[in-house]
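Here is how names work: the chains are called A, B, and so on, in the same order as the sequence lines, proteins then strands, and each is numbered from 1. These numbers come from a predicted model, not from an experiment.
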There are 2 protein chains.
Amino acid sequence: MILNKTTEYALTILGFMATRNENMYSAEYLHQQLNIPCRYLRRLLTDLSKHGFLKSSSVRNGGFVFAKDLKEINLALVINKLEGIDAICTCILGFSCCIVDKPWIMHEPWMEARSKMVETLTNTTLADLKEKYQIDPIKNI
Amino acid sequence: MILNKTTEYALTILGFMATRNENMYSAEYLHQQLNIPCRYLRRLLTDLSKHGFLKSSSVRNGGFVFAKDLKEINLALVINKLEGIDAICTCILGFSCCIVDKPWIMHEPWMEARSKMVETLTNTTLADLKEKYQIDPIKNI
DNA sequence: ATATATTACTACCTTTTTATAGTATTTAAT
DNA sequence: ATTAAATACTATAAAAAGGTAGTAATATAT
């Protein structure tokens, strides 16, 4: 009931980028700012590009920028892409031992709890975070 | 944002036990019914006893029964005991990279989403599940 | 054209989680 | 006292997640 590290990193990266006004973020820069293991961070940035959140330019002074409008990226979307919630589960509703004709006893309370969480996460976009937490690039710490 | 297997197993076991009317559940019986790896299940049952949810009797015709009233066991409690949510986090609020004077940008939306989930899970006890899903021991499948 | 600052790919290592195996312990029924 | 049906303990194996290293690819500034 907690995010895994990879997802935590991804949210940290996207949240950081969303609340600054740089026009390009290199892996090296993000590594310095966010204290995420360097090589793992790079791999994750590539993944975030493949997932369509970022686009990369591997050129001098290159790095990563958002591939779409911040309004279009909500937190549930990021979590789903990274944790593959839809893909992993044999049961469309979330649990391996939960099958259609003999559902898991915990199915209903769990899904109720989970859907409330997902609702909140879906309603929060990176644009919302930017609005709330934007950091002035001049006194950028 | 998904439960780990161990927690899933634990909820499955406790939910199963809560909705039947046997007076004793052996590891072997639970294994047959729930399709959880046998040896792992046994260890988990011991853990659930140590956590105070069950009590065991290692005697002929022994097994496991609840150690307390079903009303006193809510789902958040089980999850917390198994996933050690309180213990793991250096930040009291849930994230390793989130420190008091420089909180994680995602802190607020994540905590809001999470607390809604926890609220629902806290409000669901095994007694509620029993009431809703109790299975007649005669036609017990 | 070349050098350079960057990302991309692939293989591998480490740590954590999940699962198994062997043996010891418990205690009621006999 | 012995047997037997159960759990308890400890070590280890297998699988998954997290992290590292080396090298290739990209394409612009020079």
Side-chain angles (χ1 to χ4, degrees), chain A residues 1-13 17 22-32 34-67 79 82-85 87-89 95-97, chain B residues 1-13 17 22-32 34-67 79 82-85 87-89 95-97:
Chain A
M1 218 197 52
I2 229 172
L3 299 174
N4 64 34
K5 282 227 169 192
T6 303
T7 309
E8 184 183 332
Y9 290 157
L11 290 177
T12 300
I13 294 162
M17 288 175 64
E22 312 290 339
N23 48 9
M24 188 64 85
Y25 299 81
S26 73
E28 184 52 32
Y29 175 68
L30 291 170
H31 167 61
Q32 285 163 10
L34 299 175
N35 208 31
I36 296 169
C38 188
R39 265 15 224 324
Y40 201 62
L41 170 70
R42 284 164 189 277
R43 248 177 40 178
L44 184 49
L45 286 166
T46 302
D47 289 348
L48 289 172
S49 301
K50 284 182 184 159
H51 284 130
F53 297 120
L54 302 178
K55 58 189 173 195
S56 67
S57 123
S58 43
V59 84
R60 194 186 312 205
N61 299 318
F64 298 85
V65 289
F66 282 106
I79 294 171
L82 284 157
E83 304 202 346
I85 284 174
I88 286 168
C89 306
F95 268 88
S96 46
C97 57
Chain B
M1 217 198 55
I2 229 172
L3 299 172
N4 65 33
K5 280 226 171 194
T6 303
T7 309
E8 184 182 331
Y9 290 158
L11 289 177
T12 301
I13 293 162
M17 288 175 64
E22 311 291 339
N23 48 9
M24 189 63 87
Y25 298 82
S26 73
E28 184 54 32
Y29 175 67
L30 291 170
H31 166 62
Q32 285 162 11
L34 299 175
N35 206 31
I36 296 170
C38 189
R39 267 10 228 323
Y40 200 63
L41 169 70
R42 284 165 189 277
R43 251 180 34 180
L44 184 49
L45 286 166
T46 302
D47 290 347
L48 289 172
S49 301
K50 286 182 183 160
H51 284 129
F53 298 119
L54 302 179
K55 58 189 173 195
S56 67
S57 119
S58 41
V59 86
R60 194 186 313 204
N61 300 319
F64 298 84
V65 289
F66 283 105
I79 295 171
L82 284 158
E83 304 202 344
I85 282 174
I88 285 168
C89 307
F95 269 89
S96 46
C97 55

Give one of base, sugar-phosphate or nothing for B:S49, where a contact means two heavy atoms less than 4.0 Å apart. nothing

Mind checking B:K50 for me? I need base, sugar-phosphate or nothing, with any heavy atom below 4.0 Å counting as a touch. sugar-phosphate

Taking atom [atom2] of [N] as reference, at what distance in whole Å does atom [atom1] of [X] sit?
X: A:N35; N: D:dG18; atom1: CG; atom2: C1'; answer: 15 Å
X: B:L48; N: D:dA8; atom1: CG; atom2: C1'; answer: 14 Å
X: B:L44; N: D:dC9; atom1: CG; atom2: P; answer: 14 Å
X: B:K55; N: D:dA6; atom1: NZ; atom2: P; answer: 19 Å
X: A:M24; N: D:dA27; atom1: CE; atom2: C1'; answer: 13 Å
X: B:Y25; N: D:dT7; atom1: OH; atom2: C1'; answer: 18 Å
X: A:D47; N: D:dA17; atom1: CG; atom2: C1'; answer: 13 Å
X: B:H31; N: C:dA21; atom1: NE2; atom2: P; answer: 12 Å

Heavy-atom donor-acceptor pair, A:R39 side-chain to D:dA21 base, under 3.5 Å: yes

Assert: residue with more 5' nearest nucleotide on DNA chain D, out of A:P37 and B:A27, is B:A27

Please figure out whether A:R60 or A:C38 has its closest DNA chain D nucleotide nearer the 5' end. A:C38

pair [X]-[Y]: side-chain heavy atoms closer than 4.5 Å:
X: A:T6; Y: A:E83; result: no
X: B:L34; Y: B:L41; result: no
X: A:S49; Y: A:K55; result: no
X: B:L54; Y: B:F66; result: yes
X: B:Y29; Y: B:E22; result: yes
X: A:F64; Y: A:I13; result: no

Selected nucleotide, minimal atom distance to [X] side chain, candidates [options]:
X: A:K5; options: D:dT10, D:dG19, D:dA8; result: D:dG19
X: B:S26; options: C:dT6, D:dT7, C:dT7; result: D:dT7
X: A:R43; options: C:dT23, D:dG19, C:dC9; result: D:dG19
X: A:T46; options: C:dA8, C:dT18, D:dA29; result: C:dA8

Give a yes/no answer on whether the side chain of [X] brings an N or O atom under 4.0 Å of OP1 or OP2 in [N].
X: B:R42; N: D:dT7; value: yes
X: B:S58; N: D:dA8; value: no
X: B:S56; N: D:dA8; value: yes
X: A:Y9; N: D:dG18; value: no

